[in-house]
Amino acid sequence: MTSIVQKAPPGVGRRLWQARWPYLFLLPTAVLYGLFTLWPVAASWWYSFLSWSGFEGEKTFVGLQNYRDVLADPLFWNSFGITMLFMVVTVPLRVALGLAIALLLNHPRLPFQRLFRTAFFLPVVTTTAIVGVVMQFVFDPSDGPVADVLRGAGVPGVDFLGSPDAAIWTVIAVHTWKWVGVTMIYWLAALQTVPRDVLEAAQVDGATGWQSFRHVTAPMLIPFFVIITLLTIEQNLQVFDLVMTMTGGGPFYATEVIELYIYRWAFAATVPELGFASAAAVVLGLVLLVVGIGQLVGVRAARRTAGGDA
């Protein structure tokens, strides 16, 4: 009888040593990520319990007082409401417009498809700060091209970035124009999963383009709709650079999103309050955490739906 002797699996230390080269090459990235991402996040949680300007050496522990002050500040709720308005308007707009563009560019008979896709995606790769600065010139009420066109059409001049009623909608329009290309790419990838033979069979049966989309394409896109919507929500909560360069949060706090509110208290206030700003940042982080959890649940539900359909 031959006895089979099974060797014990190597320990954790030995396995790490055997795979030392990949970990060694990942070490610089891990160190930089820890220094510039993990440490600032952990520090902001600690600073949120302190009364500290960020420049003085003296720090006073105040517990939850900063959170009470943040939640009692009307300007915080103003910025929160503007952020939610921005998200509620831009998310459906980007998702619907991105789908419409993707359906158009996915049509097999459309000429110059690659050219049009590049044209719609080009604003995405343009630096947001540069877009904001250029848009200040474009919407200049005195000699900007938009003002010139309106004056030529006999329309009274509108201060798109200087009016509290118009500024937020101008920023929303520019944001949608810049980032709809990302949503378009998501939808184009989703449309590639729809079998071409199924669409051709629907056309043979006499289905119109709208009927094919409604009864064939749309049901297959539902899992992707959930994922794309959640991704767009998360992206639209991070609009600091565009708003900062276009309006700086003005006029009269009409475009001050939460990120700008945090920046103002941490760096732009006459007397900076880093502890107060950190508390506001933690509140924003909790909102993003809820969105992330919703994204995870939505992705899993979409996968189950796709698996059930399969």
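Note: hydrogens, waters and symmetry copies are ignored here, and every other heavy atom, side chains too, is used. Nothing here was measured: the structure is a model prediction, and the numbers come from that model. Sequential numbering from 1 along the given sequence is applied to the chain's residues.
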Asks: So, do W187 and L105 sit near enough that their side-chain heavy atoms are less than 4.5 Å apart?
Replies: no

Asks: Under 3.5 Å, is there a donor-acceptor pair between the side chain of K178 and the main chain of T126?
Replies: yes

Asks: In Å and rounded to the nearest 0.5 Å, what is the OG1 to CG distance from T247 to L242?
Replies: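 Rounded to the nearest 0.5 Å, the OG1-CG separation comes to 8.0 Å.
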
Asks: Hey, which of T128, T90, N236, T170 is the one that makes side chain to side chain donor-acceptor pair (under 3.5 Å) with H175?
Replies: N236

Asks: So, Y253 and S79: side-chain donor and acceptor under 3.5 Å apart, yes or no?
Replies: no

Asks: For the residue pair T183 and T232, what are the closest heavy atoms and their distance?
Replies: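 Shortest heavy-atom separation between T183 and T232 comes out as OG1-OG1, 4.2 Å.
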
Asks: Of the non-hydrogen atoms in R214 and P219, which two are nearest, and what is the gap between them?
Replies: O-CD, 3.4 Å

Asks: Evaluate Y67 against V70 for side chain to side chain contact (heavy atoms under 4.5 Å, CB included), listing each step before the verdict.
Replies: CA-CA 5 Å; Y67 291 94; V70 166; 5.6 Å; no

Asks: Quick one: closest heavy-atom pair of G250 and A167, and the distance?
Replies: O-CB, 4.3 Å

Asks: So, for V243 and T255, which heavy atoms are closest and what is the spacing to 0.1 Å?
Replies: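 Heavy atoms of V243 and T255 come nearest at CG1-O, 3.1 Å.
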
Asks: With a 4.5 Å cut-off on side-chain heavy atoms, are W169 and L85 touching?
Replies: yes

Asks: Return the orientation label for the F80 and W77 ring planes: parallel under 30°, perpendicular over 60°, tilted otherwise.
Replies: perpendicular

Asks: Should L35 and W45 be counted in the same cluster of Ile, Leu, Val, Met, Phe, Trp and Tyr side chains packed under 4.5 Å apart?
Replies: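 No, L35 and W45 fall in different hydrophobic clusters.
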
Asks: Using distance alone, with no hydrogens and no angle criterion, decide if D140 and Q136 have a side-chain donor and acceptor under 3.5 Å apart.
Replies: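 No donor-acceptor contact under 3.5 Å links the two side chains.
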
Asks: Applying the side chain to side chain donor-acceptor pair (under 3.5 Å) criterion to R264, which one of E256, E259, E273 satisfies it?
Replies: E256

Asks: Is there a path of hydrophobic side-chain contacts, each under 4.5 Å between heavy atoms of I, L, V, M, F, W or Y residues, that connects L115 with L122?
Replies: yes

Asks: Are D73 and W265 side-chain neighbours, meaning at least one heavy-atom pair lies under 4.5 Å?
Replies: yes

Asks: I want to check something: taking the side chain as every heavy atom from C-beta on, are F240 and V257 in contact at a cut-off of under 4.5 Å?
Replies: no

Asks: Quick check: do V124 and W179 have side-chain heavy atoms less than 4.5 Å from each other?
Replies: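 SC-SC contact between V124 and W179 confirmed.
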
Asks: Between atom CG of L284 and atom CD1 of I262, what is the distance when rounded to the nearest 0.5 Å?
Replies: 5.0 Å

Asks: First locate atom CD1 of I228, then atom OH of Y186, and finally report the distance between them rounded to the nearest 0.5 Å.
Replies: 8.5 Å

Asks: Using the side chain to side chain contact (heavy atoms under 4.5 Å, CB included) rule, take W46 and F61 through it: C-alpha gap first, then chi angles, then the decisive distance, then the call.
Replies: CA-CA 10 Å; W46 168 242; F61 182 81; 4.2 Å; yes

Asks: Can you list the residues that meet the ring-ring contact (aromatic ring centres under 6.0 Å, His included) rule with F116, with sequence neighbours excluded?
Replies: none

Asks: Applying the 4.5 Å side-chain criterion to the ILVMFWY set and letting contacts propagate, would V287 and V282 be lumped into a single cluster?
Replies: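 Yes.
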
Asks: Can you find a heavy atom in the side chain of V174 that is under 4.5 Å from one in the side chain of F160?
Replies: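 They are not in contact (no side-chain heavy atoms under 4.5 Å apart), so the answer is no.
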
Asks: Tell me if the CZ atom of R151 is crowded by more than 12 foreign heavy atoms within 6.0 Å.
Replies: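 Yes, the 6.0 Å shell around CZ holds more than 12 heavy atoms from other groups.
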
Asks: Mark yes when over 12 heavy atoms from residues, nucleotides or ligands other than F121 sit less than 6.0 Å from its CZ; otherwise mark no.
Replies: yes

Asks: Is the shortest heavy-atom distance from the side chain of M135 to the side chain of T245 under 4.5 Å?
Replies: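 A side-chain contact under 4.5 Å is absent here.
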
Asks: A quick test of your reading: do over 12 heavy atoms of other residues, nucleotides or ligands sit less than 6.0 Å from CD of E58?
Replies: no

Asks: How far apart are the closest heavy atoms of S163 and P251, and which atoms are they?
Replies: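 Answer, listing the atom of S163 first, then P251: C-CG, 3.7 Å.
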
Asks: Under 4.5 Å between side-chain heavy atoms, hopping through other hydrophobics if needed: is there a path connecting Y23 to Y33?
Replies: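 In one cluster: no.
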
Asks: Establish whether F252 and I172 are linked, either directly or via other cluster members, by ILVMFWY side-chain heavy-atom contacts under 4.5 Å.
Replies: no

Asks: Report the C-alpha separation of L64 and F49 in whole Å, then their side-chain angles, then the decisive distance to 0.1 Å, and conclude whether the side chain to side chain contact (heavy atoms under 4.5 Å, CB included) test is met.
Replies: CA-CA 6 Å; L64 298 176; F49 297 108; 3.7 Å; yes

Asks: Can you name the closest pair of heavy atoms from P145 and V138 and give their distance?
Replies: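 Closest heavy-atom pair between P145 and V138: CD-O, 3.4 Å.
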
Asks: Give the intermediate values and the outcome of side chain to side chain contact (heavy atoms under 4.5 Å, CB included) for residues M246 and L161.
Replies: CA-CA 8 Å; M246 284 190 67; L161 298 180; 3.6 Å; yes

Asks: Rounded to the nearest 0.5 Å, what separates atom CG in L104 from atom CG in L110?
Replies: 5.5 Å

Asks: Give, for atom CZ of F276 and atom CG of L50, the distance between the pair rounded to the nearest 0.5 Å.
Replies: 14.5 Å

Asks: Between F76 and Y261 (judged by ring centroids, cut-off 6.0 Å), do the two rings come close enough to count as a pair?
Replies: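 So the answer is yes for these two rings.
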
Asks: Quick one: CG on L99 to CG on L191, what's the gap to the nearest 0.5 Å?
Replies: 7.0 Å

Asks: If only atom types and distance count, is the side chain of T83 paired as donor or acceptor with the main-chain N or O of I258 below 3.5 Å?
Replies: yes

Asks: Check whether any side-chain heavy atom of M184 lies under 4.5 Å from a side-chain heavy atom of L103, and answer yes or no.
Replies: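 No, every pair of side-chain atoms sits at 4.5 Å or beyond.
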
